[in-house]
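One structure is given here, and the rest of the page talks about it.
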Amino acid sequence: MIFVPSTFTYWNENTSTFDYNANQYLITMGVDFAMGKKKGDYSAIGVVAKDKTTNTYYVIDSWGERVKPDVFMKKIVEMTLKYQPHGIAAEAQMAQEFFVDKLKEALRNANYPAHSRVHKIQQRQRKELRIEAMLPDIESGGIQFSSNHALLLEQFERYGTGEHDDLIDAMEQAISISKKVRARVMEKPAWL
């Protein structure tokens with residue numbers, strides 16, 4: 001086993017909810033599209049909160065199901081409106097680029113500033129390398145989890161056996177995009 005969930009640091013040991021105050025945390029989301037086939041990959045969403053002072057990452061939500069793209073699109077919009085992320089990473093390899101364009105459209109229709117917050121990701125590195133690069137931060141507690149995210153933890157436990165890793169990939173994308181986006185703070189106009 002590469003990842004051992006029993007050794008992970010869990011932020012929810014003493015609390016059931018995470019207070020993701022936008023002044024203290026940078027909220028980002030990773031999205032991994034799948035086609036919703038019965039035995040295919042999971043469509044996955046990972047949401048992380050990066051503490052602006054300690055740079056600790058907290059996995060505050062992890063969702064994955066085998067659903068059709070239209071159902072997944074609605075779920076992404078729902079979670080985006082709930083968390084109001086500073087950035088959304090959506091993989092845009094080949095046909096996935098079409099879905100990212102549709103996602104931007106759906107989010108604009110929901111009055112979310114998709115043009116500046118949704119980032120098309122063209123992966124240049126193998127997925128395994130990106131995922132395994134998180135291991136030191138996981139072992140040190142720099143990435144913390146919720147024990148409520150059973151499917152994510154199951155995928156970590158089975159990682160490397162050829163099983164699904166879609167939720168892990170979405171989480172990794174959320175962490176990676178947090179290193180590229182900044183929370184925008186607007187100065188109060190002088191006339192106010």
Side-chain angles (χ1 to χ4, degrees), residues 11-12 16-38 40-50 52 57-123 127 130 143 145-146 148-155 164-186:
W11 60 260
N12 70 330
S16 60
T17 59
F18 191 89
D19 179 17
Y20 50 92
N21 176 330
N23 293 326
Q24 184 178 353
Y25 298 98
L26 181 73
I27 309 297
T28 52
M29 181 183 290
V31 174
D32 190 11
F33 290 97
M35 295 308 295
K37 295 182 180 173
K38 202 172 202 175
D41 288 339
Y42 290 86
S43 291
I45 303 170
V47 183
V48 299
K50 178 184 177 185
K52 293 176 185 177
Y57 292 94
Y58 300 93
V59 181
I60 59 174
D61 209 338
S62 182
W63 180 91
E65 282 189 31
R66 292 180 177 107
V67 294
K68 297 291 183 198
D70 60 328
V71 174
F72 187 45
M73 196 72 67
K74 289 176 185 171
K75 186 64 177 181
I76 298 168
V77 171
E78 173 191 318
M79 289 180 71
T80 298
L81 296 177
K82 176 180 178 180
Y83 292 108
Q84 299 289 312
H86 297 97
I88 300 173
E91 200 166 332
Q93 309 288 86
M94 299 180 284
Q96 292 173 323
E97 188 165 6
F98 171 77
F99 290 111
V100 178
D101 291 337
K102 289 295 184 187
L103 172 60
K104 285 183 171 186
E105 183 181 319
L107 289 172
R108 276 193 300 272
N109 291 338
N111 295 317
Y112 180 80
H115 64 282
S116 63
R117 294 191 179 197
V118 176
H119 303 271
K120 290 182 179 181
I121 305 300
Q122 303 282 338
Q123 299 294 359
K127 184 192 318 190
R130 292 184 289 108
I143 299 174
F145 298 85
S146 167
N148 296 328
H149 301 145
L151 185 56
L152 173 66
L153 297 173
E154 177 183 317
Q155 287 188 1
H164 296 282
D165 57 13
D166 310 300
L167 278 75
I168 302 170
D169 194 24
M171 185 195 94
E172 187 278 329
Q173 289 180 52
I175 289 171
S176 290
I177 198 70
S178 73
K179 298 171 184 173
K180 298 174 184 169
V181 299
R182 299 279 180 248
R184 290 185 174 91
V185 178
M186 296 183 64

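Nothing here was measured: the structure is a model prediction, and the numbers come from that model.
Two residues are said to be in side-chain contact when any heavy atoms from C-beta on lie closer than 4.5 Å; Met29 and Ile177 fail this criterion. Looking only at side-chain heavy atoms (C-beta outward), Asn109 and Glu105 come within less than 4.5 Å of each other. Residues Pro69 and Met35 have side chains in contact (heavy-atom distance under 4.5 Å, counting atoms from C-beta outward). Within the 4.5 Å cutoff, side-chain heavy atoms of Ile168 are placed close to those of Leu152.
With sequence neighbours excluded, the residues forming a side-chain hydrogen bond (donor to acceptor under 3.5 Å, both in side chains) with Gln24 are Asp51, listed by chain and number. With sequence neighbours left out, Asn12 forms a side-chain hydrogen bond (donor to acceptor under 3.5 Å, both in side chains) with Ser146, Ser147. Listed by chain and number, the residues in a side-chain hydrogen bond (donor to acceptor under 3.5 Å, both in side chains) with Tyr42 are Arg66 (sequence neighbours excluded). In this structure, the salt bridge (Lys or Arg N to Asp or Glu O under 4.0 Å) partners of Asp165, at least two apart in sequence or on a different chain, are Lys127.
Between Leu26 and Val181, the shortest heavy-atom distance links the atoms CD2-O, 3.7 Å. In this structure, Val59 and Met171 approach most closely via the heavy-atom pair CG2-SD, 3.5 Å. Closest non-hydrogen pair, Ile27 versus Tyr83, comes out as CG2-O, 4.0 Å. Between Ala90 and Val100, the closest heavy-atom pair is CB-CG2, 3.7 Å. Of all heavy-atom pairs spanning Asp32 and Gln173, the tightest one is CB-NE2, 4.3 Å. Of all non-hydrogen atoms in Leu107 and Val118, the two that sit nearest each other are CD1-CG2, 3.7 Å.
No donor-acceptor pair closer than 3.5 Å links the side chain of Ser62 to the backbone N or O of Gly46. His119 places no side-chain N or O within donor-acceptor distance of the main-chain N or O of Ala89, the cut-off being under 3.5 Å. Side-chain atoms of Tyr112 do not come within 3.5 Å of backbone N or O of Ala106 as any donor-acceptor pair.
To the nearest 0.5 Å, atom CD1 of residue Ile143 and atom NZ of residue Lys50 are 11.0 Å apart.
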Side-chain donor-acceptor contacts of residues 71-81 below 3.5 Å, not counting sequence neighbours, with atom names and distances?
{"unit_1": "Lys75", "atom_1": "NZ", "unit_2": "Glu78", "atom_2": "OE2", "d": "3.2"}
{"unit_1": "Thr80", "atom_1": "OG1", "unit_2": "Ile76", "atom_2": "O", "d": "2.8"}

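Listed by first and then second residue, the salt bridge (charged side-chain N to carboxylate O under 4.0 Å, His left out) pairs that reach into residues 88-100 are Glu97-Lys120, sequence neighbours excluded.
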Output, in order, the C-alpha distance, side-chain angles, deciding distance and verdict of side-chain contact (heavy atoms from CB on, under 4.5 Å) for Phe18 and Asp61.
CA-CA 10 Å; Phe18 191 89; Asp61 209 338; over 6 Å; no

